[in-house]
Structures are given as structure tokens and as C-alpha cells.
Amino acid sequence: MLRHATKRITGLGLAESRLSTPAATRILPRFYHERVVDHYNNPRNVGAFDKNDPTVGTGLVGAPACGDVMKLQIKVDEQTGKITDACFKTFGCGSAIASSSVATEWVKGKQMEEVLTIKNTEIAKHLSLPPVKLHCSMLAEDAIKAAVKDYETKRGKSVASATDKIAEA
């Protein structure tokens, strides 16, 4: 079934569908860019980290209009502030999955401040997303920001609790 859906998404296998579908009910296919299809068929960094790990930041965002939900997590080296690993889980269309996959690839090995400069327009341009799918790249940008914010919140709490323990001693 996935293979059939992929053929429909990419426009392959249209010859047999044209033969079996009456002309009045035919709908022109939408073609996705090969990068979207690649990241959809072979998503990078799918998975999850322990959200209670103090070195992990979790961003959970959604788009009520289309039902896409994206969870992006980053693992940060506390000494250097570099993102050492990233993963995602996305419930959504092929463009949302591809945007998540690209985002996790782009944040790895970068400093926290640097990943905050990644813009949805860069992701959309890289994947050649049509205007109707720009919200997917916006979700990816929002997920990156939410993950960084979550990490910084956790770090602030751990620094505060360590300071409290020193003050009590």
C-alpha cells in the first residue's frame, strides 16, 4: 500500500490509473520534489530520546488546520553547547515528515544560537515546497525553537536547583 501511495505521490504508475479511471473523474496529480519523496521514503533520525534527560530539549508543535503534529528533540553537549544528536516523530503529510527530517539533519553539530537562525523559508526552498505546504516548514522551524526553549528551561531549573543546594549547605 505504501508503494502504491508513493507512486501516486510521485506521479509514477499513472498510466494504469488513467486506463481504469473515466475521464470525468480524473484528477491531475500533484508532483512532489525528489527531496521530499526521498525524505518521506527514507526519513532521517526518526525516534525519541528520554524527555526527562536534562541534556534533551523537546519541541512539540501542531497545526490545527491540517492536523499535522511534530515532535522534534535535540540532545545537547552541556560543555560545548553543541547539538550532538536530534530526532523526530511526525504525524502528518509527506511534506511535514520531510521538513522534520531535514530539520534534524540541519541542527546536528550546530551551536544552540546557530540553529535558531534556521528559517522555514530555507527548509521550504530546499524541499521546493509549494505555497500550500509552507505550513509544514513553519512547523519545523517552530519545533526547533520549542526544543531549544525546553532545553534552556531545563538547564535553568538544574542550575537553580544546584544553586539552592549550595545555598543550603
Just verifying a value: how many Å separate [X] [atom1] and [Y] [atom2], rounded to the nearest 0.5 Å?
{"X": "Ile97", "Y": "Phe91", "atom1": "CD1", "atom2": "CZ", "answer": "9.5 Å"}
{"X": "Gln111", "Y": "Leu116", "atom1": "CD", "atom2": "CG", "answer": "11.5 Å"}
{"X": "Ser137", "Y": "Asp142", "atom1": "OG", "atom2": "CG", "answer": "9.5 Å"}
{"X": "Leu72", "Y": "Cys87", "atom1": "CG", "atom2": "SG", "answer": "7.5 Å"}
{"X": "Ser101", "Y": "Asn41", "atom1": "OG", "atom2": "CG", "answer": "11.0 Å"}

Can you find a pair of side-chain heavy atoms, one from [X] and one from [Y], that are under 4.5 Å apart?
{"X": "Met112", "Y": "Val76", "value": "yes"}
{"X": "Val102", "Y": "Leu127", "value": "yes"}
{"X": "Asn45", "Y": "Glu105", "value": "yes"}
{"X": "Val107", "Y": "Ile118", "value": "yes"}
{"X": "Lys133", "Y": "Cys93", "value": "yes"}

Distance-only, no hydrogens or angles: does the [X] side chain make a donor-acceptor pair with backbone N or O of [Y] under 3.5 Å?
{"X": "Gln73", "Y": "Phe49", "answer": "yes"}
{"X": "Lys89", "Y": "Val46", "answer": "no"}
{"X": "Ser128", "Y": "His33", "answer": "no"}
{"X": "Thr84", "Y": "Lys75", "answer": "yes"}
{"X": "Arg35", "Y": "His126", "answer": "yes"}
{"X": "Thr80", "Y": "Lys82", "answer": "yes"}

Quick one: closest heavy-atom pair of [X] and [Y], and the distance?
{"X": "Ala124", "Y": "Leu134", "value": "CB-CD2, 3.5 Å"}
{"X": "Phe88", "Y": "Pro43", "value": "CZ-CB, 3.9 Å"}
{"X": "Tyr151", "Y": "Pro54", "value": "CE1-O, 3.6 Å"}
{"X": "Thr104", "Y": "Arg44", "value": "OG1-O, 3.7 Å"}
{"X": "Ala96", "Y": "Asp68", "value": "CB-OD2, 3.6 Å"}

Non-neighbouring partners of Lys108 that pass salt bridge (charged side-chain N to carboxylate O under 4.0 Å, His left out), sequence neighbours left out
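By the salt bridge (charged side-chain N to carboxylate O under 4.0 Å, His left out) rule, Lys108 matches Asp85.
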With Lys51 via salt bridge (charged side-chain N to carboxylate O under 4.0 Å, His left out) - residues at least two apart
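Partners of Lys51 under the salt bridge (charged side-chain N to carboxylate O under 4.0 Å, His left out) test: none.
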side-chain contact (heavy atoms from CB on, under 4.5 Å) partners of Asn52, counting only residues at least two apart:
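Once residues adjacent in sequence are excluded, the partners of Asn52 under the side-chain contact (heavy atoms from CB on, under 4.5 Å) criterion are Asp50.
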Considering residues at least two apart in sequence or located in another chain, which fulfil the side-chain contact (heavy atoms from CB on, under 4.5 Å) criterion with Ala140?
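By the side-chain contact (heavy atoms from CB on, under 4.5 Å) rule, Ala140 matches Met70, Ser99, Ala103, Ile123.
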Output, in order, the C-alpha distance, side-chain angles, deciding distance and verdict of side chain to side chain contact (heavy atoms under 4.5 Å, CB included) for Leu60 and Val69.
CA-CA 7 Å; Leu60 183 63; Val69 178; 3.9 Å; yes
Show me the side-chain donor-acceptor pairs of residues 143-150 shorter than 3.5 Å, one per line, residues at least two apart or across chains.
residue, atom, partner, partner atom, Å
Lys145, NZ, Glu141, OE2, 2.8
Asp150, OD2, Thr58, N, 2.8

Are Val56 and Ile74 in one and the same hydrophobic cluster, where Ile, Leu, Val, Met, Phe, Trp and Tyr link if side-chain heavy atoms are under 4.5 Å apart?
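No.
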Write out all pairs satisfying side chain to side chain donor-acceptor pair (under 3.5 Å) with one or both partners inside residues 115-125, taking only residues at least two apart or from two chains.
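The answer is none; no pair qualifies.
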